[in-house]
Amino acid sequence: MSRTTVAQVLRASESPGMVTVKGWVRTKRDSKAFSFIEINDGSCLSNLQIVADATIEGYEESVPHLRTGASVSVEGEIVESQGKQQWEMQAKSVTMLGNSDEDYPLQKKGHSPEFLRSIAHLRPRTNLFGAVFRMRSRMAYAIHQFFQEQGFVYVHTPIITASDCEGAGEMFRVTNLDGKTLDTKPEEDFFGKPSYLTVSGQLEGETFACALSNIYTFGPTFRAENSHTSRHASEFWMIEPEMAFCDLDDDMALAEAMIKYLAADALEHCAEDLEFLNKFVDKGLKERLEFVKKRDFERISYTDAVELLLKSNKKFEYKVEYGLNLQSEHERYLTEEHFKCPVTVYNYPKDIKPFYMRRNDDNKTVAAMDLLVPGIGEIVGGSQREERLDVLRENLKHHDLTEEDYYWYVDLRRYGSVPHAGFGLGFERLLMFVTGVSNIRDVIPFPRTPGSAEF
RNA sequence: UCCUCAGUAGCUCAGCGGUAGAGCGGGUGGCUGUUAACCACUAGGUCGUUGGUUCGAACCCAACCUGAGGAGCCA
């Protein structure tokens with residue numbers, strides 16, 4: 001008999017009859033003549049309750065010895081439960097596939113996320129991480145769906161790159177040389193020059209947008225920043241769309257539409273997991289997603305945002321002044337206290353932004369935008385790219401970058417240059433937003449942070 | 001890199017200068033449908049590490065290690 005998943009059983013409108021289910025024991029309650037065994041197979045949040053009479057086939061050898069975490073195969077009939085769940089299985093035979101040692105670390109009681117991180121190989125067996133990683137999978141699927149439905153082409157930009165200083169943080173060196181040779185003869189390295197793990201696929205993405213019009217990337221990126229916060233990881237996944245024949249307005253519209261689409265998709269396809277997360281992790285989660293799905297986002301220029309912050313009479317630790325970057329506390333004020341909804345801030349001063357962003361006509365600002373969401377802050381950062389050859393050359397010089405290093409990027413402006421724009425969305429930050437989980441280490445299977453690369 | 005907080009049983013924590021504790025989890029036994037089941041018994045600890053203060057340190061002090069929160073940087 002083929003295997004039926006717990007999800008298939010529990011979602012049935014009428015009894016599927018005799019089936020075989022396989023999974024891991026979450027809890028077991030024995031009495032003299034029978035046992036209740038709850039198993040979970042990850043197909044959904046809920047467990048299936050199995051009623052095993054002491055007289056059934058395989059009982060003696062397996063059931064009394066089963067500990068939490070053991071794997072079992074059970075054949076039986078799905079019947080209406082006398083208890084609080086709709087369905088349960090009346091077992092006909094039980095087989096223990098593999099028992100669990102006495103020191104199995106997961107209990108029925110709650111564990112701290114810090115402890116669960118130390119057993120990242122077992123934490124997907126908990127309700128919380130099962131829910132989070134089912135949602136991670138669903139959101140990845142929905143992202144592809146969002147772009148593919150609109151004709152975007154998925155591009156795989158390189159993970160190893162030799163283009164230095166992309167302006168997005170410290171890079172990890174990739175090498176097969178020993179330390180000494182690395183210092184003295186870097187030209188003997190594997191690629192003939194220093195190479196690194198990518199911090200962004202944007203520049204390569206632009207080359208494809210200037211050929212296929214609308215593209216997106218979705219892959220891992222690496223930052224060697226020594227950041228110790230709940231919102232930063234050394235390895236994380238990023239989605240970077242890039243659109244030719246587009247300006248900043250189109251770019252902001254796409255970012256907003258995408259966040260809305262993903263909120264709606266989560267509500268529609270992750271209902272049971274969201275219910276759990278809403279109850280145990282973030283009581284305002286579902287309400288927030290409904291709100292994001294329905295309501296239009298706010299937009300405000302950097303200049304107006306600065307003015308608004310100055311007029312707010314709110315005491316900030318860092319000062320607000322035109323020309324300075326908005327601090328975390330300023331961004332939080334805008335999205336959490338003032339607007340109380342996602343906000344896109346656009347047209348930042350050119351001096352605090354990278355070389356590739358398009359200079360506005362005021363000659364003071366660039367066509368950049370950050371999308372801020374309550375609880376997390378910046379979730380999207382994007383811009384219209386500088387498509388004018390002379391201005392780009394000027395910017396390279398201004399940022400102390402050489403045209404030789406970026407000749408291929410400059411070429412895009414020499415051969416049929418077009419206005420184009422794009423953004424980067426941190427996948428883990430999005431997951432924090434849609435799951436309510438407050439630490440980035442708990443939305444990525446095996447987190448890498450400074451000093452920590454276990455598993 | 002800077003600032004703050006925390007490390008006591010497998011887990012969650014109490015104890016805060018005078019014999020190391022509880023609940024859960026584990027083991028054994030019991031129990032006519034349980035739902036974080038229940039009842040009884042039981043095993044389990046170099047109190048993060050090193051040094052110092054003291055008659056005496058889990059407790060006070062210092063350094064280090066680990067974890068967490070925040071800042072900066074960003075996604």
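Protein chains get the first letters and strands the later ones, always in sequence-line order, with residue 1 at the start of each.
At least one side-chain nitrogen or oxygen of Asn439(A) sits closer than 4.0 Å to the OP1 or OP2 atom of G69(B). Between Thr27(A) and A37(B), a side-chain N or O to OP1/OP2 separation shorter than 4.0 Å is present. OP1 or OP2 of G67(B) has not a single side-chain nitrogen or oxygen of Arg441(A) nearer than 4.0 Å. At C11(B), none of the side-chain N or O atoms of Ser112(A) fall inside 4.0 Å of OP1 or OP2 (strictly under the cut-off).
Rounded to whole Å, the separation between the P atoms of G10(B) and G48(B) comes to 13 Å. Remark: the separation of the C1' atoms in C64(B) and A22(B) is 32 Å, to the nearest Å. For the C1' atoms, the distance from G72(B) to A62(B) is 29 Å, rounded to whole Å. Rounded to a whole angstrom, the distance from the C1' atom of C13(B) to that of A6(B) is 13 Å. Straight-line distance between the P atoms of C5(B) and U35(B): roughly 44 Å, to the nearest whole Å. Atom C1' of C60(B) sits at a distance of 15 Å from the matching atom of C47(B), rounded to the whole Å. For G69(B) and U34(B), the P atoms lie 41 Å apart once the distance is rounded to whole Å. Going from the C1' atom of U32(B) to that of C38(B) covers 14 Å, rounded to whole Å.
Taking the six-membered ring for Trp and the full ring otherwise, Tyr356(A) and Tyr409(A) have centroids separated by 6.0 Å or more.
In this structure, the side chain of Asn439(A) engages the main chain of Arg441(A) through a donor-acceptor pair within 3.5 Å. At least one donor-acceptor pair closer than 3.5 Å links the side chain of Arg429(A) to the backbone N or O of Arg231(A).
Distance check: Phe222(A) CZ to Arg448(A) CZ gives 10.0 Å after rounding to the nearest 0.5 Å. Separating the NZ atom in Lys286(A) from the CG atom in Asn278(A) is a distance of 5.5 Å, to the nearest 0.5 Å.
Counting distance only, with no hydrogens placed and no angle test, the side-chain atoms of Arg231(A) and the base atoms of A75(B) include no donor-acceptor pair under 3.5 Å. Within 3.5 Å, no donor on the side chain of His111(A) pairs with an acceptor on the base of C11(B), nor the reverse.
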Set out, line by line, the N/O atom pairs under 3.5 Å between protein and nucleotides 32-35 of chain B.
unit_1: G33(B); atom_1: O6; unit_2: Gln82(A); atom_2: NE2; d: 3.3
unit_1: G33(B); atom_1: N1; unit_2: Glu88(A); atom_2: OE2; d: 2.9
unit_1: G33(B); atom_1: N2; unit_2: Glu88(A); atom_2: OE1; d: 2.6
unit_1: G33(B); atom_1: N2; unit_2: Glu88(A); atom_2: OE2; d: 2.9
unit_1: U34(B); atom_1: O2'; unit_2: Arg29(A); atom_2: NE; d: 3.0
unit_1: U34(B); atom_1: O2; unit_2: Arg29(A); atom_2: NE; d: 2.7
unit_1: U34(B); atom_1: O2; unit_2: Arg29(A); atom_2: NH2; d: 2.8
unit_1: U34(B); atom_1: O2; unit_2: Gln49(A); atom_2: OE1; d: 3.4
unit_1: U34(B); atom_1: N3; unit_2: Gln49(A); atom_2: OE1; d: 3.0
unit_1: U34(B); atom_1: N3; unit_2: Gln49(A); atom_2: NE2; d: 2.9
unit_1: U34(B); atom_1: O4; unit_2: Gln49(A); atom_2: NE2; d: 2.7
unit_1: U35(B); atom_1: O2'; unit_2: Lys84(A); atom_2: NZ; d: 2.2
unit_1: U35(B); atom_1: O2; unit_2: Gln85(A); atom_2: OE1; d: 3.1
unit_1: U35(B); atom_1: N3; unit_2: Gln85(A); atom_2: OE1; d: 3.4
unit_1: U35(B); atom_1: N3; unit_2: Gln85(A); atom_2: NE2; d: 3.3
unit_1: U35(B); atom_1: O4; unit_2: Lys84(A); atom_2: N; d: 3.0

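When Arg29(A), Arg26(A), Lys28(A) are each tested for a salt bridge (Lys or Arg N to Asp or Glu O under 4.0 Å) with Glu38(A), only one passes: Arg29(A). Screening Phe218(A), Tyr216(A), Tyr261(A) for a ring pair (Phe, Tyr, Trp, His ring centres under 6.0 Å) involving Phe146(A) leaves a single residue, Tyr261(A).
Within the nucleic acid shown, Asn226(A) comes within 4.0 Å of at least one base atom, counting heavy atoms only.
Within the shown strands, nothing qualifies as a pairing partner of A20(B) under the Watson-Crick or G-U definition with both distances less than 3.5 Å. Nucleotide G7(B) is matched to C65(B) when pairs are restricted to Watson-Crick or G-U wobble geometry with both distances under 3.5 angstrom. Under the Watson-Crick or G-U wobble criterion, with both distances below 3.5 Å, U35(B) is left unpaired in every strand shown. Across every strand in view, A58(B) sits unpaired, with no contact that passes the Watson-Crick or G-U test at under 3.5 angstrom. Using N1 to N3 plus N6-O4 or O6-N4 for Watson-Crick, or N1-O2 and O6-N3 for G-U wobble, each under 3.5 Å, A14(B) pairs with nothing. Under the Watson-Crick or G-U wobble criterion, with both distances below 3.5 Å, G72(B) is left unpaired in every strand shown.
A heavy-atom distance below 4.0 Å to RNA chain B is reached by these residues of residues 315-340 of chain A, ordered by number: Tyr318(A), Asn325(A), Gln327(A), Ser328(A).
Atom CD of Gln107(A) and atom P of U12(B) are 8 Å apart (whole Å).
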